[in-house]
There are 4 protein chains.
Amino acid sequence: MSAQPRTARGTRTRARLLAAAEDVFASAGYHDASIVRITEQAGIGLGTFYLYFGGKQEIFDEVVDDLNARVRHAMTEAARAAEDRFDAEREGFRAFFRFTAQHPALYRIIRQAEFVSPGAQRRHYERIVRSYAHGLAAAQDAGEVRPLDPEIAAWALMGMGELIGMRYILWEAGGDGGTGGAPRDIPDHVLDELMALIQRGLAPDAPPSAATSREDVRHD
Amino acid sequence: MSAQPRTARGTRTRARLLAAAEDVFASAGYHDASIVRITEQAGIGLGTFYLYFGGKQEIFDEVVDDLNARVRHAMTEAARAAEDRFDAEREGFRAFFRFTAQHPALYRIIRQAEFVSPGAQRRHYERIVRSYAHGLAAAQDAGEVRPLDPEIAAWALMGMGELIGMRYILWEAGGDGGTGGAPRDIPDHVLDELMALIQRGLAPDAPPSAATSREDVRHD
Amino acid sequence: MSAQPRTARGTRTRARLLAAAEDVFASAGYHDASIVRITEQAGIGLGTFYLYFGGKQEIFDEVVDDLNARVRHAMTEAARAAEDRFDAEREGFRAFFRFTAQHPALYRIIRQAEFVSPGAQRRHYERIVRSYAHGLAAAQDAGEVRPLDPEIAAWALMGMGELIGMRYILWEAGGDGGTGGAPRDIPDHVLDELMALIQRGLAPDAPPSAATSREDVRHD
Amino acid sequence: MSAQPRTARGTRTRARLLAAAEDVFASAGYHDASIVRITEQAGIGLGTFYLYFGGKQEIFDEVVDDLNARVRHAMTEAARAAEDRFDAEREGFRAFFRFTAQHPALYRIIRQAEFVSPGAQRRHYERIVRSYAHGLAAAQDAGEVRPLDPEIAAWALMGMGELIGMRYILWEAGGDGGTGGAPRDIPDHVLDELMALIQRGLAPDAPPSAATSREDVRHD
DNA sequence: AATGAATGAGAGTTCATTCAT
DNA sequence: GATGAATGAACTCTCATTCAT
């Protein structure tokens, strides 16, 4: 069972373990991330680990929750500075991609959680969706978003972000899966395309003329 | 090193191993999927495994490629029967969700590939994106889709499908992460919402006349 | 249980197995010499092996006995051509070294026999010693060799040959233990020194003057 | 990778492993000497082994080096107490045989090293030869040994010791290859014969009369 | 608070041997 | 006579976890 540190020194030790664990989980994967490796990276003794965490799975969960809180914080902060809803959405995505670039651990860890800790994984996604759906609902009330089920939309949007981030941030970074190279921002044109898709979908613009419908287009 | 069987009996054995591996990888995860478990499930001797596969990772890769081929086949088949592009897209997604419901292995296995076999994972996503982007490009030429970068859009669409599938197929199924329960189709309203999003995005409909806005709709 | 072949084809198969086994045992060592490898090298099917040999150990023993017969044959032949006993001994050694150069398998296999088949090892050494001791005894009777225990001397001589061969034939060949390089004869000066040692031992030549003997030295 | 123990307890554990390994390698042979057996004999847990040794081969090498150091120490100590060179040689051999009797591991292990660790084997022989050759060279300078190549002679002498030891110590002991029975000293008459051979070789004593030589004998 | 020696279940893998074809 | 698919015991090695110091 984990224990909260009682001294300042203990607090530092615990924090170092958490940071080391994020690193090691991200670079080696849950199963190849041995406790020895984590403690070595943290620069503390092996046995000390069990003073602060109940086991491997427990520290994993905590790392997931920590990353989740941080990415949501980054997104909210970015969105708050925005002027309108569309801008907010754009900045939220940008913040998400930036966080991904700076903390590839996020992806790599979340995906592993599938088996390691399904609960933690679910928590992660649901928390993001919740705030997303909340924003959408508000926007709907404000007439900025058309009538739709905010939760379904939120899951879809998150999915877009997830795979676009994987492809254009993680894979670009290392060229081989993201294990090397410097983090980079999302290219502008990718973000532009993504936002356009989110706003308008795939459908061609309605022609200026009155009664446009898909049937008409087809005759063309 | 894997070897191709030289007899009919060998071919059967190899196939049984692959099927068992898909099962075990999906239910237990790569790391807890021991060779013993796979061979037991396949009903063959432990040593026999190494007659056909070089090791765990090798059979994993083959399972991934196999699932990938099958899901793409299912999607293409479904889309081919469609009458127009919109319908094709809808049926493609439906097929994908149905496949997900019937083979939860797909998700569970792909996500693990992150560390187990990054190459296989990448191959999987890229293959799907390729045919997706191809379809979008063709639709663009036909004027059915507005001008956009087909690859970026393909990644985004795939992401939507991925998370919607996770949430409304996998999680619903078992209620706890997908380890039990009967597979079910995607609920109609979810698919409807998704398709609407893909077609039109979030933006409110452009008012036909001057002052139309959501406020009007609401009074209804 | 091994079986003698009943057909000409069978005889050839058996011989090929034996030859392959000698090769593989010599290059890989008993334990890393798998039956598969032996049969592959022999170009026959795995199961066929058990038609001719009862098992790994059985073919090993046969290889040892075969090598033993051949090295003894080579030595006897060489000695027979010699003119006197000293010459015979020299030529016997030379033949032994030449055989060693051409069949490093001899050493490598005999030494492994220590555990694999102590009986075969013992047989090998004893057979060589027997003929050696026999020759020494005869030479003694002829007054060409001073009175001594022929068996003890035979073991000692064989030991000299063994380590000289190891050092100046096997190790020279590959430079690293004998796994490569072309076989070479024993250098003349090495053989000369060895023969001198066998004939005269280490002691300095008795001084030409009359009564010198080791007794004198001792008084000192 | 092996590691040096950091505590007194660790040092004791490591030593116990080394001793057990010597035992097991000697009685079972390298390949049948499983780590389990070694740790069981040492009375420690299996995993503990890997705290101190990188693997089987690594502990094997260390056992070889250890035995080598000990046998050379025994020989040098014995020789040091001797009064003259001849005596020194005799006592050196006797010490070697005694060590052999007390540590049959020496032979059994060295011979296996042929494949298991050629480097260790070579090191073993070369170290012994080096000190041997050194002693011979010194004796030569003192006029106690006739002119000869000390290295070649050293290899030959070592070979004598090796096979005499095998035959009259190891094989006598158990009667069946040395796996049982009490260790015993080399019988005096064997040592006497050996020393005589080393001193004087095989040649008959020069007859007291003047011009005797082998040429004369031949005419006979 | 901190340490690292010790543990053993369990993993992947090899291979001598059997036997149906 | 010849084959190779099948087997499972046995091996080496890893690592989360415990505990005496």
Side-chain angles (χ1 to χ4, degrees), chain A residues 3 5-14 31-40 44-59, chain B residues 3 5-14 31-39 44-57, chain C residues 3 5-14 31-40 44-57, chain D residues 3 5-14 31-39 44-57:
Chain A
R6 262 179 282 255
T7 70
R9 186 190 181 189
T11 309
R12 214 177 56 242
T13 302
R14 193 175 201 280
H31 281 96
D32 294 340
S34 61
I35 304 292
V36 209
R37 218 168 135 181
I38 293 174
T39 53
E40 266 171 5
I44 64 160
L46 166 59
T48 311
F49 175 90
Y50 290 89
L51 255 38
Y52 298 103
F53 299 95
K56 198 177 171 180
Q57 152 111 344
E58 195 176 301
I59 199 178
Chain B
R6 258 167 282 202
T7 69
R9 187 187 181 192
T11 308
R12 216 177 52 241
T13 304
R14 194 176 200 279
H31 279 96
D32 292 338
S34 63
I35 306 291
V36 200
R37 251 175 102 171
I38 293 176
T39 52
I44 63 163
L46 167 58
T48 310
F49 175 89
Y50 291 92
L51 253 38
Y52 300 104
F53 299 95
K56 202 174 166 182
Q57 151 109 338
Chain C
R6 260 179 284 254
T7 70
R9 186 188 182 192
T11 309
R12 214 178 56 243
T13 303
R14 192 175 203 280
H31 281 96
D32 293 340
S34 61
I35 305 290
V36 209
R37 217 168 135 183
I38 293 175
T39 52
E40 265 170 6
I44 64 162
L46 167 57
T48 311
F49 176 88
Y50 291 89
L51 255 36
Y52 297 103
F53 299 95
K56 198 176 172 182
Q57 154 109 345
Chain D
R6 257 166 280 202
T7 68
R9 188 189 181 191
T11 309
R12 215 176 52 241
T13 303
R14 193 176 200 279
H31 280 96
D32 293 339
S34 63
I35 307 290
V36 199
R37 249 176 106 170
I38 293 176
T39 52
I44 63 163
L46 166 58
T48 310
F49 175 90
Y50 292 92
L51 254 37
Y52 300 104
F53 299 96
K56 201 175 166 181
Q57 152 109 341

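Order of the sequence lines sets the chain letters (A, B, ...), proteins ahead of strands, with each chain counted from 1.
When each of C:Gly47 and C:Thr7 is assigned the nucleotide of DNA chain F bearing its nearest heavy atom, the one mapping closer to the 5' terminus is C:Thr7. Between D:Ile44 and C:Phe49, the residue whose closest nucleotide on DNA chain E is further toward the 5' end is D:Ile44. Sequence order on DNA chain F of the closest nucleotides to A:Gln57 and C:Gly10 puts C:Gly10 first from the 5' end.
A distance-only check finds no donor-acceptor pair linking the side chain of B:Thr48 to the backbone of B:Ile44 [under 3.5 Å].
Between C:Lys56 atom NZ and E:dT18 atom P the separation is 15 Å, expressed in whole Å. For C:Glu40 and F:dT3, the CD to P distance is 12 Å, given to the nearest whole Å. Atoms CZ (B:Arg12) and C1' (F:dA6) sit 12 Å apart, rounded to a whole Å. For A:Ile59 and F:dT17, the CD1 to C1' distance is 15 Å, given to the nearest whole Å. The nearest whole Å value for the distance from the CD1 atom in B:Ile35 to the C1' atom in E:dT14 is 13 Å. Between the CZ atom of D:Arg9 and the P atom of E:dT3 there is a distance of 18 Å, rounded to whole Å. Rounded to an integer number of Å, the gap from CG of C:Leu51 to P of E:dA16 is 18 Å. D:Phe53 places its CZ atom 15 Å from the P atom of F:dT12, with the value rounded to the nearest Å.
Residue contacts for A:Ala33: at a heavy-atom cut-off of 4.0 Å it reaches the sugar-phosphate backbone alone, with no base atom in range. C:Ser34 comes within 4.0 angstrom of sugar-phosphate atoms only, judged by non-hydrogen atoms across all strands, and of no base.
Look at D:Tyr50 and you won't find any side-chain N or O under 4.0 angstrom from OP1 or OP2 of F:dT14. For the pair D:Thr13 and E:dA5, the criterion of a side-chain N or O lying under 4.0 Å from OP1 or OP2 is not met. Contact annotation: B:Thr48 reaches the phosphate of F:dT7 (side-chain N/O to OP1 or OP2, under 4.0 Å).
A 3.5 Å limit on both hydrogen-bonding distances identifies F:dT14 as the Watson-Crick or G-U partner of E:dA9. Summarising the base pairing, E:dT17 is matched to F:dA6 through a Watson-Crick or G-U wobble pair whose two defining distances lie under 3.5 Å.
C:Tyr50 is listed as a side-chain neighbour of C:Ile35, based on a closest heavy-atom distance under 4.5 Å.
Closest to the C:Tyr52 side chain, of the nucleotides F:dT7, E:dG4, F:dG1, is F:dG1. Among E:dA6, E:dG8, E:dT17, the nucleotide with an atom closest to any side-chain atom of C:Leu46 is E:dT17.
Residue A:His31 holds its NE2 atom at 5.0 Å from CG of B:Asp32, rounded to the nearest 0.5 Å. The distance from the CZ atom of A:Phe49 to the CD1 atom of A:Ile59 is 4.5 Å, given to the nearest 0.5 Å. Separation of atoms CZ (D:Arg14) and CG (D:Leu51) is listed at 11.0 Å; rounding is to 0.5 Å.
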